[in-house]
Amino acid sequence: MADIEFKITADNVKEEMRKVWDTTNKGLKAGDVVLTLGRESASNLQSRCYHAMIGDIATQTDLGGSKYDFDAWKALLVSKFATEKHQMGEPLRKGNRWIPSLCGTHMVALRPSVKEFGKKNGSEFIEFLHVTGAEYGVEFTDKTLAEYETYKQANG
């Protein structure tokens with residue numbers, strides 16, 4: 001059974017709990033079910049926010065006449081962010097690295113993982129994406145702006 005996530009609020013608690021109940025009962029037919037409760041973390045809110053922002057940048061921006069997909073833009077933006085942090089004297093704990101390929105004929109670039117940013121660097125990355133998006137003339141979509149607003153409200 002796949003991990004299923006329900007976002008429960010005071011406004012939707014009855015409806016969502018019915019879905020939890022139904023899903024749990026269906027899952028029990030295949031074996032035991034583990035149900036975990038928790039609060040949404042800042043990193044989850046940050047992740048949703050910057051993934052939406054990267055998606056907008058990827059769909060609205062080309063580089064030298066070439067379009068790149070979400071994964072390529074994510075790699076480019078995270079690498080640029082890591083480089084800028086390094087230049088400011090505040091390198092990420094795991095910044096950009098180059099390692100030799102297994103065959104030894106070329107180098108392979110490794111970028112930092114956004115999962116390891118932590119709250120402070122995650123917030124700085126979101127602001128970096130705002131600036132970078134503006135530099136490329138990106139108009140963030142209503143969905144992205146809503147994710148950003150949710151993140152801001154949760155973090156003051």
Side-chain angles (χ1 to χ4, degrees), residues 1-12 16 19-20 23 27 34-156:
M1 179 176 193
D3 289 346
I4 300 172
E5 199 171 298
F6 295 92
K7 184 173 181 179
I8 301 171
T9 65
D11 295 333
N12 71 5
E16 289 299 302
K19 291 178 188 175
V20 170
T23 304
V34 174
L35 179 65
T36 304
L37 300 176
R39 296 199 186 279
E40 192 163 46
S41 70
S43 61
N44 287 343
L45 292 171
Q46 286 174 332
S47 179
R48 284 206 325 259
C49 184
Y50 52 69
H51 280 95
M53 295 172 82
I54 293 168
D56 285 352
I57 292 170
T59 58
Q60 296 178 37
T61 309
D62 65 9
L63 293 176
S66 295
K67 290 291 253 182
Y68 295 103
D69 65 10
F70 176 90
D71 291 332
W73 269 105
K74 183 176 181 181
L76 290 167
L77 291 164
V78 170
S79 179
K80 184 176 182 204
F81 176 70
T83 299
E84 287 187 12
K85 292 290 290 176
H86 182 77
Q87 290 169 342
M88 294 185 314
E90 302 172 8
L92 298 174
R93 192 168 58 83
K94 291 185 179 179
N96 293 324
R97 296 179 294 145
W98 288 89
I99 61 170
S101 67
L102 294 175
C103 63
T105 61
H106 59 279
M107 297 299 282
V108 176
L110 301 177
R111 67 163 175 83
S113 170
V114 293
K115 291 178 182 176
E116 297 176 2
F117 273 6
K119 190 173 180 178
K120 179 181 179 285
N121 286 324
S123 293
E124 291 171 348
F125 185 55
I126 289 169
E127 296 312 314
F128 165 84
L129 291 173
H130 266 288
V131 171
T132 304
E135 289 172 357
Y136 288 115
V138 172
E139 293 184 28
F140 291 110
T141 60
D142 291 342
K143 176 185 179 276
T144 297
L145 294 174
E147 291 290 356
Y148 181 68
E149 197 56 38
T150 299
Y151 164 73
K152 278 187 3 182
Q153 287 177 2
N155 292 287

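Along the sequence shown, residues are numbered consecutively beginning with 1. No hydrogens, no waters, no symmetry mates; every other heavy atom, side chains included, goes into these values.
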Where is the tightest heavy-atom contact between Ala52 and Glu147, given as atom of each residue plus distance?
->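 Looking at all heavy atoms of both residues, the closest pair is CB-CG, 4.3 Å.
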
Nearest heavy-atom neighbours spanning Ala82 and Pro112 =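 In this case the closest contact between Ala82 and Pro112 is CB-CG, 3.6 Å.
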
For atom CD1 of Ile99, decide whether the heavy atoms of other residues, nucleotides or ligands shown that lie under 6.0 angstrom number more than 12.
->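 Yes - once you tally the heavy atoms of other residues, nucleotides and ligands closer than 6.0 Å, there are more than 12.
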
Should we count NZ of Lys80 as having more than 12 external heavy atoms under 6.0 Å?
->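 Yes - once you tally the heavy atoms of other residues, nucleotides and ligands closer than 6.0 Å, there are more than 12.
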
Could you state the interatomic distance from [atom1] ([X]) to [atom2] ([Y]), rounded to the nearest 0.5 Å?
X      : Y      : atom1 : atom2 : result
Leu110 : Trp98  : CG    : CH2   : 9.0 Å
Leu92  : Glu116 : CG    : CD    : 10.0 Å
Thr83  : Met88  : OG1   : CE    : 11.0 Å
Lys152 : Leu45  : NZ    : CG    : 14.0 Å
Asp142 : Glu149 : CG    : CD    : 12.5 Å
Ile57  : Thr144 : CD1   : OG1   : 9.0 Å

Does any non-hydrogen side-chain atom of [Y] lie less than 4.5 Å from one of [X]?
X      : Y      : value
Trp73  : Thr61  : yes
Tyr50  : Leu77  : no
Asp56  : Ile54  : no
Arg97  : Arg111 : no
Pro100 : Val108 : no
Ile8   : Leu37  : no
Tyr136 : Gln60  : no

Result block: side-chain N/O donor-acceptor pairs under 3.5 angstrom for residues 121-131, not counting sequence neighbours:
from: Asn121; atom 1: ND2; to: Phe117; atom 2: O; distance (Å): 3.3
from: Ser123; atom 1: OG; to: Gln46; atom 2: NE2; distance (Å): 3.2
from: Ser123; atom 1: OG; to: Lys119; atom 2: O; distance (Å): 3.1
from: Ser123; atom 1: OG; to: Tyr151; atom 2: OH; distance (Å): 2.4
from: Glu124; atom 1: OE1; to: Lys85; atom 2: NZ; distance (Å): 2.5
from: Glu124; atom 1: OE2; to: Lys120; atom 2: NZ; distance (Å): 2.9
from: Glu127; atom 1: OE2; to: Tyr148; atom 2: OH; distance (Å): 3.2

Test side-chain contact (heavy atoms from CB on, under 4.5 Å) on Leu63 and Leu76 and set out the steps.
-> CA-CA 11 Å; Leu63 293 176; Leu76 290 167; 4.1 Å; yes

Do Val20 and Leu35 pass the side-chain contact (heavy atoms from CB on, under 4.5 Å) test, and can you show the C-alpha distance, the side-chain angles, and the key distance before you say yes or no?
-> CA-CA 9 Å; Val20 170; Leu35 179 65; 4.2 Å; yes

Looking at residues at least two apart in the chain, or sitting in another chain, which of them share a side chain to side chain donor-acceptor pair (under 3.5 Å) with Thr105?
->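 If we apply the side chain to side chain donor-acceptor pair (under 3.5 Å) test to Thr105, skipping adjacent residues, there are no hits.
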
No-hydrogen, no-angle side-chain donor-acceptor test under 3.5 Å, Asn12 and Thr9 =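 Yes.
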
